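Remember, predicted model here, so these are calculated numbers, not experimental data. Side chains are part of it too, since the values below use all heavy atoms of this structure and drop only hydrogens, waters and symmetry mates. Proteins come first, then strands; the chains are lettered A, B, ... in the order of their sequence lines, and each starts at number 1.
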There are 4 protein chains.
Amino acid sequence: MARIVDKKAKQKEILQAAMRVFARKGVANTKMIDVAREAGIGKGTIYEYFSSREQMLHMAFSYLLHRIKKLVVQRIDAAMDPREKIRTGVLAYLDVATMKIEDYADILMDFWAQSVRQRGSQSDFSIDLQHIYQDYRDLVVPALEEGIQQGLFRPMDPEKVASALIATCEGLLLQWLADRENFDLMAHGQAAVALFLEAFQIPANSQQNNRPTMPAESTQVDRLS
Amino acid sequence: MARIVDKKAKQKEILQAAMRVFARKGVANTKMIDVAREAGIGKGTIYEYFSSREQMLHMAFSYLLHRIKKLVVQRIDAAMDPREKIRTGVLAYLDVATMKIEDYADILMDFWAQSVRQRGSQSDFSIDLQHIYQDYRDLVVPALEEGIQQGLFRPMDPEKVASALIATCEGLLLQWLADRENFDLMAHGQAAVALFLEAFQIPANSQQNNRPTMPAESTQVDRLS
Amino acid sequence: MARIVDKKAKQKEILQAAMRVFARKGVANTKMIDVAREAGIGKGTIYEYFSSREQMLHMAFSYLLHRIKKLVVQRIDAAMDPREKIRTGVLAYLDVATMKIEDYADILMDFWAQSVRQRGSQSDFSIDLQHIYQDYRDLVVPALEEGIQQGLFRPMDPEKVASALIATCEGLLLQWLADRENFDLMAHGQAAVALFLEAFQIPANSQQNNRPTMPAESTQVDRLS
Amino acid sequence: MARIVDKKAKQKEILQAAMRVFARKGVANTKMIDVAREAGIGKGTIYEYFSSREQMLHMAFSYLLHRIKKLVVQRIDAAMDPREKIRTGVLAYLDVATMKIEDYADILMDFWAQSVRQRGSQSDFSIDLQHIYQDYRDLVVPALEEGIQQGLFRPMDPEKVASALIATCEGLLLQWLADRENFDLMAHGQAAVALFLEAFQIPANSQQNNRPTMPAESTQVDRLS
DNA sequence: TATGAATGAGTCTTCATTCAT
DNA sequence: TATGAATGAAGACTCATTCAT
C-alpha cells in the first residue's frame, strides 16, 4: 500500500500556502513554483491536487469567500437587536480585511478584477459574483426586515438598502487598500454604520412610542463619529 | 513647441487607442502589439512615447480618472443646492460607468487591481490611489460643509461622511460590474443618495427654521426608493 | 518456477493492455498511467515487470511481430502449391491489418517510426528491423525456390523478389492506413499477387510441358483484377 | 523603415534548418530550440514564421513532398517510352531517399507515422495522405494507360497497378531504412521494376506484331536482376 | 510484491523590449 | 522619427521514474 494521504487536507494546505503567497505578491504575480515552494512541495505536486492554475485560483477564492461569510454570519447571528446585527455585520466584514494573517482584502481585490474580466470568457472557472452578492444581500435583508417589523426602522426597500450597505463596506475596503497606514478602516466603518442607522431611524415627529429600547445608544450615534 | 504639441497629441492618441483595447480585452490581456495595431502605428513607436508598458498603463489610468473627475466636477458645479450637489455628484459618477463608449468601469476595476497588486513593487506603475481618493473627498466635503453651514445637514465629520459616500458609489459600481444585465445601477444610486440625505437631515424636533428650501423634494426622498 | 511463470504471465497481461491502449491512442500518446489503468494495476507496478517505458515498448513490438508472423506462417504452411503459398502469405499478412481487434497496422506504423527514429540512439528500444525483414524474407524465399524448382516460376533472384513482395505488402498497408474507408486493401492485395505471379510465369514460347497443374487458375489470374 | 526581410525566404531557411535537425534527431526528438540554433536564430523568432511547432512540422512535410514530387515528375517527363517512364519514376523516387543531404526518407517516415496517428484528431495540421497517394497514382496511371494503348502492356486496372507499384517503392524504402548499410536500395528497385515490366508484358503466344520495338531490352529484363 | 504520491527536468509558447535600418 | 524583426527570459504544464509504505 502506498502512503495514505488525506487528499482534501493536502489540498487545503496548498490553498493556504497559495493564499500566503497571494498576500505577499498578488495573485497575478504568483507563480506555481512560488506556491510549491511555500507549501514545501514539488512543482508537479500541485497538479496532483488542482487541474490547473486557474482552477486553483478559483478554489482559493471560493475558500476565501466561504471563510469570510462564515465569520460574518457567526457574528450577525450572535447579535439580537436588528441594529446590532447591522452594525456587527458591517464591522465583522471589515474586520476580516484587517486580519493580517492572510491579507484577505488584497486577494479579494485581485479575484474581483479577475472575475469581472473573465465574465463571458470561455473559462470554466469564472467566479459567479452575482451569486456572491445575492448571498451577501440575503444576509442583510432579514435584519432590515426584522427592524422594520419591530418598528425600529422606517419602511424601505430592503434589497436596495442592503445593496447600498454592502457597497459601502466594499468601497471602504477599497479606500483602505489604497492607504492602509492612514485610513482607519474600523473608524470609517463605524461612522458609516451610524449614518445608515440614522437614516433608518423613524423621524421623531412621526414616532410614537415604539422606540423604547436603546435610546441612549441611538443618541450616541447621533453624533456622526 | 510644435514638436512638443505633436508629441503630446500622439501620446493621447495612443492612450485612447489603448483604452479602446482595454475595454475590449481587459488591461491584463492587452499586449503592446494590440495597442499599436489599434493606434495604427508600429510596435516600436509606442516606446517613443512611453518608456514602458507600465508607464503607459499609468498614464492611461490617470487619463481615465481625469476624464471622470472632469465630468463629475462639471455636474456638481452646475448644481446650486448642497443636496443637489451630493445627488448630482453621485449620479454623475455612476453615469460615467454606464457610458457604453469606453467601458470605463471595467478598465477602472482592472487598474484598481493592478494598483493594489503592485503596491510596494518597484514598478513604474504605482498609482497613487491615496491622492485619488483625497481628490474625491475634496469634491464632496465642500458640499457637505456648505450644507451644514446652511443648516440643511446636521453636524457631522465631513471627511468621514465623504468617504462613506464615495465608498457607496464604488461599491455599487462593483455590484453592477458583477451583474450588468439585472442590476439597475442608477436606481440603486438614487436610493443610496436618498438614504444618505435622509441621514444628513436634521431631526424634526431639533429642527428650527433653517430648512426653508425644497421641502417638497425632501419629502419626496423620504420614501426610500 | 511458479514465480517465474506468474511473472511472465503478468508481463504478458500488461503488454496486452498496453497494446489495447496503443490501438486507441497511438504509441506516442500512450502514458504509463494509461497502461497501468488499462491493466488494472498501479503505475509503479509496471516497473516491476519492465525496466522502462522504452523496454516495454520494445517488448510490445516484439510480441506484436511474433503474433503476426505466427499467423502468417500458419497459413503459408497450410498451402501446398508455391503459388498458393505466395498468394496466401500476402493475403494473410494484409488480413492481420484488417483485423479490427487490435488495430495492428496503426501500432506497427508507430513502432516503425520509432525504430527508424531511434536508430543509433542509446535507447533500450532499438528494434532490430533488419532481422525482422530477414525473417520475412526467409518465409517467402522457400516458396519461391520451390516454385522455380518445380518449373512453375522462371529463374529469379529469390531474395530480391521476396523483398519486393514484402515491400508491396507493406506499401499497400500504408496506403490503406492513409484511407481506410475507401482503399480496399484485400482487393489491392489480390491484384498485386496476380501481378507478381504473372511476372513469375514462364513465357509461353519458352514453356515446355512443365506447367500441368492449375491451368484454369492461372488463366483466371491473367486478367489483372 | 525596419529591416526588409523576405518572409517567404526566411521561412524556407528555417524549414531547411528544421529538416536538417529532423534528419539528425528524428522529428519527434527535435525541439524548437534545436531548430532555432540550427537556423542561427532565437527561439522566439521561429514563432514569427510559424504559428506553432505543429504547423512548422506540417509545412516541412509539405515542402518535402513537394520537392520529391517535383524531382520525380521531372524525370518521368523526360522519358519517352512508357516502360522507361515507369522505370525512371520508380528509380527517381528511390533516389531521392538516397540523397544524403537531408535524409528525406527518415523524415518522411516520421511524418507518415504522425499523419496516420493524427487522423481523426482535432489538429488542423494532419496531413492529407489520401491526396498524396492520389497524386502519386495520377503520376503513374497515365504511363500505364499509354503503354496499354501502344500495345506495349497487357490490359490491366491501371489504378490498382499504380497502387501496387507505389506500394513497392515505399516498402523498399522501409527496408532500406531498416538496414541502410547492407540493403542496396537501387538494385532492389531495379529488380522490382523489371518484375513489374515483366508482368505488364503481353504473353508471347497472344502477341501479334505489336512489339517491334526494344526486343533486346525486354530480353535483357527477363533475367530478373 | 504492489502502490501511487511526489518529483523536477524538460518543452512549448508568449511578449515586452531592443535596435538596425 | 518610425518600424517591425529579433530576442530570450519566464512560466504553465507534462510525465517517466522513484521510493516510502
| Please give, in whole Å, the distance from E:dA16 P to B:Asn29 CG? | 11 Å
| query | Between E:dC15 atom P and B:Arg53 atom CZ, what is the distance in whole Å? | reply | 9 Å
| query | Whole-Å distance between F:dG11 P and A:Met56 CE? | reply | 14 Å
| remark: Picking from F:dC13, F:dT1, E:dA16, the nucleotide nearest the side-chain atoms of B:Lys7 would be F:dT1
| message | If I take atom CD from residue A:Glu38 and atom CE from residue A:Met19, how far apart are they, to the nearest 0.5 angstrom? | response | 12.0 Å
| Value rounded to 0.5 Å, distance of CE in A:Met56 from OG1 in A:Thr30 | 7.5 Å
| message | Between B:Glu13 and B:Ile41, is there a side-chain heavy-atom distance shorter than 4.5 Å? | response | no
| task | Output the distance between atom CD1 (B:Ile33) and atom CZ (B:Arg37), rounded to the nearest 0.5 Å. | result | 4.0 Å
| Hey, does B:Tyr49 reach any base, or is it just sugar-phosphate, or nothing, if we go heavy atoms under 4.0 Å? | sugar-phosphate
| request: Residues of residues 37-45 of chain C with any non-hydrogen atom less than 4.0 angstrom from an atom of DNA chain F: list those, numerically ordered, please. | output: C:Lys43
| Could you give the distance from NZ (C:Lys7) to OH (C:Tyr49), rounded to the nearest 0.5 Å? | 5.5 Å
| task | Could you tell me which non-hydrogen atom of A:Phe22 sits nearest to which non-hydrogen atom of A:Ala60, and how far apart they are? | result | CE1-CB, 3.9 Å
| remark: note: A:Glu13, atom CD; E:dA5, atom C1'; distance rounded to Å ~ 14 Å
| task | Ignoring backbone atoms, establish whether D:Lys10 has a side-chain N or O less than 4.0 Å from OP1 or OP2 of F:dA6. | result | yes
| said: Expected output check: what is the dot-bracket annotation of DNA chain F, where ( ) and [ ] are pairs inside the strand (brackets for crossing ones), | is paired with another strand, and pairs are Watson-Crick or G-U under 3.5 Å? | reply: .||||||||||||||||||||
| task | Nearest-nucleotide wise, let me know which of C:Glu48 and C:Thr30 is further upstream toward the 5' end of DNA chain F. | result | C:Thr30
| Interatomic distance, D:Asp34 CG vs E:dT11 P [rounded to whole Å] | 8 Å
| In whole angstroms, how far is the C1' atom of E:dT18 from the CZ atom of B:Phe50? | 18 Å
| request: Let me know which of B:Arg24, B:Arg20, B:Lys25 forms a salt bridge (Lys or Arg N to Asp or Glu O under 4.0 Å) with B:Asp34. | output: B:Lys25
| request: Take D:Met32 and B:Lys31, find for each the nucleotide of DNA chain E with the closest heavy atom, and name the residue whose nucleotide sits nearer the 5' end. | output: D:Met32
| Nearest-angstrom distance from the residue atom CD1 of C:Ile46 to P of F:dC19 | 18 Å
| said: Are the side chains of A:Met59 and A:Gln55 in contact, using a 4.5 Å heavy-atom criterion? | reply: yes
| Quick one: D:Ile33 CD1 to E:dC12 C1', roughly how many Å, whole number? | 11 Å
| said: With a 4.5 Å cut-off on side-chain heavy atoms, are C:Phe61 and C:Ile132 touching? | reply: yes
